[in-house]
Asker: 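Structure incoming, see below.
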Amino acid sequence: MAEEKYAESKLYRIRHSAAHVMAQAVLDFYPETQYTIGPPVENGFYYDFELPAPITAEDLEKIEKRMRQIISGGHLFEKKVISGEAARQIFANQPYKLELIEGLEKGGLDEYGNPLDVKPEISIYQHDTFTDLCRGPHVESTRQINPSAFKLMSIAGAYWRGDENNKMLTRIYGTAWEKPDELKQYLAMLEEAKKRDHRKLGKELDIFLFDDEVGPGLPLWMPNGTVIADELENLAKEMEEKAGYQRVRTPHLTKEDLFIRSGHLPYYAESMYPPMELEGVKYYVKPMNCPMHHKIFGARPRSYRELPIRLAEYGTCYRYEKSGELFGLMRVRSMQMNDAHIYCAEEQFEQEFMGVIDLYKKYFELFGIEKFVMRLSLHAKAGLGKKYVDNERLWIKTEDMVRRAMLNGGVPFVEVQNEAAFYGPKIDVQIWSAIGREFTLATNQVDFAVPERFDLKFVNREGADEIPLCIHRAPLSTHERMIGFLIEHYAGAFPVWLAPEQVRVIPITDGQNDYAAKIASQLREAGVRVSADLGAERMNAKIRQAQLMKVPYMVVLGANEAESDVVSLRMRDGSQLNNISLAEFMARVKDRIDRRASEL
RNA sequence: GCCCUCGUAGCUCAGUUGGCAGAGCACGCCCUUGGUAAGGGCGAGGUCAUGGGUUCAAGUCCCAUCGAGGGCUCCA
C-alpha cells in the first residue's frame with residue numbers, strides 16, 4: 001500500500017532518474033561496462049553493473065562529480081515505446097538487457113525474473129547520451145535532481161537476479177532527496193543509528209564478546225549480558241507458567257537417526273554443523289529442539305483429556321550460518337531459544353495459536369515495541385519436495401487455518417510467499433535493526449509434518465487414534481537476537497528490571513565510604529543489583545562513569561546524607577531526588593522491578 | 001559461501017614517498033577530599049591479526065590464511 005504511493009511519488013522519480021544518471025557517469029568512465037538494473041529503493045537507489053575492473057570508494061567521488069555535470073546539463077528524459085526487435089538492436093552489446101527484453105517478450109517477466117500478470121510494453125528512456133530499457137517513471141529533466149541532495153553511499157556485490165548461482169555484479173548504492181537538508185538529515189540519522197548499534201553498545205556496556213579463538217558467531221556473555229538473559233528467562237518462565245506450559249530439558253546432541261526422522265537432515269542439513277562419529281554412530285548438535293520435544297510428547301499414550309500439551313525449554317541450539325551471514329548478536333551460530341511446542345487437536349488450533357499471539361502482544365507491550373510487522377509466511381509451489389515438505393494439500397489447509405485465526409483475532413498481518421518453515425506456514429514478527437536491516441524476531445509456526453514422521457497421536461473422545469497438530473513458537477526469539485534487538489531498542493538504557501546494574505552508590509569523599517558500603521549492602525540484601533564506587537576519583541568522574549554505563553539510579557552520598565541517614569538520588573535521565581530515606585528509595589526500586597516498569 | 005573494504009595497546013584512533021611504534025581513555029601507584037557527566041603527576045602496557053614473500057630496511061609493498069565491516073544469498 002505504502003509502496004504503491006512511494007512508486008508514484010516525486011522522490012521515487014528523482015531516485016530512479018538519479019540511478020540513470022549514475023549509470024551514464026559509470027559508462028562515461030568505463031565504456032565496456034555492462035549495465036543491468038537500477039531501481040529506486042528505500043532512501044535511495046542502486047544500479048548493478050558488470051564492470052571491467054573493481055572500483056573503489058574514491059571512484060565514487062569521481063562518479064558523483066560527473067553526475068553533477070550531467071545534471072547541470074538539463075537533459076530531458078524521453079520515453080519511447082518500441083518493439084522487441086528494435087530493443088534488441090539498441091542493446092545488441094548489452095547481454096543483460098537482452099535477457100531482460102527476452103523476459104518481457106516471452107513470459108512477461110519483470111526485471112527480477114518474476115512473472116507479471118500482464119505482458120508489458122517495452123519502453124526505453126533516453127537522456128543525454130544514455131539510453132536504458134526502462135518502464136519509468138522519471139523526472140522531466142536531469143535538472144530536477146538536486147545536485148546537493150544526493151550522495152553515492154557504498155559499493156556492494158549483488159548476484160544477477162538475486163540468485164547465488166548467477167554472476168556477482170557490482171552494485172553502487174546512492175541516496176537521493178528533494179532538498180539538501182533532507183540529505184543532511186538522513187546522513188545524521190545514520191550517524192545516530194550507528195551509536196545505538198548493538199555491536200558498539202554491547203562492547204561499551206560489557207554485555208557480550210566475540211573472541212577469535214572461540215569462533216565467529218559464538219558469543220560469550222559477559223556478566224552484564226548474563227543478567228539480561230536471566231531476567232528474560234525469568235519473564236518467560238513466569239508468563240509460560242501462567243499460560244499452562246510445562247518445562248522440559250533436552251540434550252545438545254542427538255544421534256543422526258532423530259534428525260533423519262524429523263526431516264532436518266533432508267531439508268535443513270546445510271545449516272547444521274557436520275556430525276561427529278563415535279563407535280560407528282553419528283551425532284549432531286541440535287539446530288532445533290523440536291524433535292526432542294516430540295519424543296517427550298510421544299513417550300507414552302496420550303488422551304485428548306490432557307491436550308493441549310505445551311512443552312517449553314530455553315534450548316541451546318547450533319546452526320552453521322554461512323560466514324557472511326553472521327551479524328553481531330542478531331545472527332549467530334549458537335543460540336538459546338525461547339522455545340516451546342504445543343500439541344493440540346485440530347479444533348483447539350485456533351485458540352492455541354491465538355494464545356501465542358496474545359503472548360507476543362503482552363511482551364511487545366511490556367518492551368514498548370511498536371515498529372514491527374506480523375508476516376504470514378507461506379510456502380512456494382516450486383519448493384515442494386526441496387525446501388518444503390511435499391504435501392500441497394496440507395500446506396494449503398494449514399495456511400488457511402492460520403489466515404483464518406489471524407483474521408478472526410483481528411490481528412493485522414501481511415502475506416509473503418516462499419518464507420515458510422520446511423514443515424509448515426508461520427507467523428513471523430519482523431523487526432529492524434538500528435542500521436535498518438530486517439530480522440525475524442519472534443515466530444509462531446504450524447507443523448503438519450510431525451504426525452507422519454514421529455507417529456504422534458492421542459486417543460480422542462471416540463477412542464480412536466488422532467494425530468495432533470504442533471505449534472512451534474518463540475515469542476522472545478533467541479536470547480541473542482532478542483538482546484541484540486533490545487540493546488538497540490533501548491539504546492543501552494535498559495529499564496530497571498533488565499539493567500545489569502540497577503544502582504550505583506557514589507560517595508562524595510572517601511569520608512562517606514563506610515556509609516556508602518553500608519547502603520550498598522542493604523540494597524544488595526534487598527535483592528537489588530548494586531555496586532559502590534569507592535575509588536579515588538572525584539564524584540564528578542564517578543557520576544560520568546555511571547552515566548556512560550547507563551545505570552538507572554545513582555545514589556550520591558555526602559556528609560549531609562551520612563549524618564541524617566538519608567540518600568540523594570540522581571537518575572539516569574539527570575533528574576534528582578535529594579534527601580530521601582533509604583526505605584523510600586528501596587520501595588521505588590522494588591516497585592519498578594516488580595512491575596517491570598519502563599519508568600525510572 | 002560470494003563481491004568490495006578493513007585488522008596498530010583492553011577501548012577509540014594517529015603513524016608522511018618503506019627508515020628507531022605514538023596519543024587520548026581505561027589500568028597501577030602517588031598527590032588531591034571534591035555536591036551531580038572527565039582534578040593533577042608518574043608508571044606499566046605492542047611479535048603492528050597470523051604465516052610467507054619483495055627489500056640493505058616492512059606497521060607501510062605483494063600473496064595466502066584467520067577475523068571484522070558494507071552488501072548479495074540465506075535465516076531466530
Side-chain angles (χ1 to χ4, degrees), chain A residues 46 48 51 54-57 59 153-173 194 197 199-200 203-204 206 209-217 268 270-271 287-288 317 319-332 335-339 377 387 419 421 426 428-431 435 437-443 445 472-482 484-485 506-513 535-548 554-561 568-572 574-576 578:
Chain A
Y46 67 78
D48 285 350
L51 292 160
I55 57 167
T56 63
D59 294 323
M153 303 295 283
S154 60
I155 301 165
Y159 298 107
W160 168 236
R161 291 201 151 155
D163 184 336
E164 63 181 325
N165 299 312
N166 287 343
K167 193 151 191 171
M168 176 71 64
L169 306 168
T170 302
R171 174 172 297 180
I172 303 179
Y173 278 100
K194 274 189 206 156
D197 189 313
R199 292 166 298 182
K200 182 174 152 71
K203 200 185 275 183
E204 287 170 3
D206 289 328
L209 167 76
F210 286 100
D211 182 277
D212 285 1
E213 235 167 326
V214 175
Y268 204 75
E270 67 168 26
S271 295
M288 296 183 192
C317 297
R319 298 182 184 173
Y320 193 82
E321 307 288 355
K322 294 180 194 164
S323 56
E325 292 165 349
L326 300 173
F327 181 79
L329 278 185
M330 304 294 262
R331 190 80 180 275
V332 291
M335 69 207 84
Q336 280 187 273
M337 294 175 64
N338 172 227
D339 210 0
S377 299
K387 224 173 130 179
E419 292 286 350
K426 52 181 180 164
D428 290 322
V429 181
Q430 301 302 109
I431 52 94
I435 62 165
R437 200 179 295 195
E438 181 177 348
F439 287 95
T440 299
L441 186 66
T443 185
Q445 317 179 338
H472 304 235
R473 39 110 284 175
L476 286 179
S477 190
T478 60
H479 277 326
E480 288 71 19
R481 189 167 288 182
M482 191 72 198
F485 173 77
I506 298 173
I508 289 177
T509 77
D510 56 13
Q512 289 84 49
N513 277 3
E537 292 299 322
R538 289 179 60 193
M539 171 214 48
N540 295 290
K542 291 180 182 180
I543 285 177
R544 178 161 190 274
Q545 288 309 321
Q547 283 290 152
L548 289 174
M554 282 149 268
V555 168
V556 180
L557 303 175
N560 299 338
E561 284 81 359
S568 285
L569 185 59
R570 176 194 163 97
M571 276 163 284
R572 183 170 57 196
S575 60
Q576 290 182 37
N578 290 333

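Lettering follows sequence order; numbering is per chain, from 1. Basis for what follows: all heavy atoms, side chains included, without hydrogens, waters or symmetry-related copies.
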Asker: Using the C1' atom as the reference point in each nucleotide, state the distance between B/A26 and B/A9 in Å, no decimals.
Answerer: 11 Å
Asker: Contact class for A/N338 (heavy atom, under 4.0 Å): base, sugar-phosphate, or nothing?
Answerer: nothing
Asker: Would you classify A/R437 as touching base, sugar-phosphate or nothing, given that sugar-phosphate means primed atoms plus P, OP1 and OP2, and contacts are heavy atoms under 4.0 Å?
Answerer: sugar-phosphate
Asker: When all nucleic acid strands are considered with a 4.0 Å heavy-atom cut-off, which category describes A/L441: base, sugar-phosphate, or nothing?
Answerer: sugar-phosphate
Asker: Assign A/S477 to base, sugar-phosphate, or nothing according to its heavy-atom contacts below 4.0 angstrom with the strands shown.
Answerer: sugar-phosphate
Asker: When the P atoms of B/A44 and B/C29 are considered, how many whole Å apart are they?
Answerer: 15 Å
Asker: Counting only N and O atoms by type, is there a donor-acceptor contact under 3.5 Å from the side chain of A/R171 to the main-chain atoms of A/G157?
Answerer: no
Asker: Using the P atom as the reference point in each nucleotide, state the distance between B/G28 and B/G69 in Å, no decimals.
Answerer: 30 Å
Asker: Describe the nucleic acid contact of A/D510 in one word from base, sugar-phosphate, nothing, applying a heavy-atom distance below 4.0 Å.
Answerer: base
Asker: Answer with base, sugar-phosphate or nothing: what part of the nucleic acid does A/K194 contact at a heavy-atom distance below 4.0 Å?
Answerer: nothing
Asker: Does atom CD of A/E438 have more than 12 heavy-atom neighbours, drawn from other residues, nucleotides or ligands, at distances under 6.0 Å?
Answerer: yes
Asker: Checking all strands, does A/R199 fall into the base, sugar-phosphate, or nothing category for heavy-atom contacts under 4.0 angstrom?
Answerer: sugar-phosphate
Asker: Remember a base hit wins even if backbone is also touched, and classify A/F327 as base, sugar-phosphate or nothing at under 4.0 Å, heavy atoms.
Answerer: sugar-phosphate
Asker: Does A/F327 have A/R437 sitting over its ring (NZ/CZ under 6.0 Å from centre, angle to axis within 45°)?
Answerer: yes
Asker: Which nucleotide of RNA chain B is the first, and which the last, in the 5' to 3' direction, to come under 4.0 Å of a heavy atom belonging to chain A?
Answerer: B/G1 to B/A76
Asker: For the backbone of A/G535 and the side chain of A/K542, can you confirm whether one donor and one acceptor N or O come within less than 3.5 Å of each other?
Answerer: yes
Asker: List RNA chain B stems (3 or more consecutive Watson-Crick/G-U pairs, under 3.5 Å)?
Answerer: B:1-7 with B:66-72, B:10-13 with B:22-25, B:27-31 with B:39-43, B:49-53 with B:61-65
Asker: On a whole-Å scale, what distance lies between the P atoms belonging to B/G53 and B/U60?
Answerer: 14 Å
Asker: To the nearest 0.5 Å, tell me how far A/Y159 OH sits from A/N166 CG.
Answerer: 10.0 Å
Asker: So what does A/R538 hit on the nucleic acid, given a heavy-atom distance under 4.0 Å: a base, only sugar-phosphate, or nothing?
Answerer: base
Asker: Between A/D212 and A/Q576, which is nearer to the 5' end of RNA chain B once each is assigned its nearest nucleotide?
Answerer: A/Q576
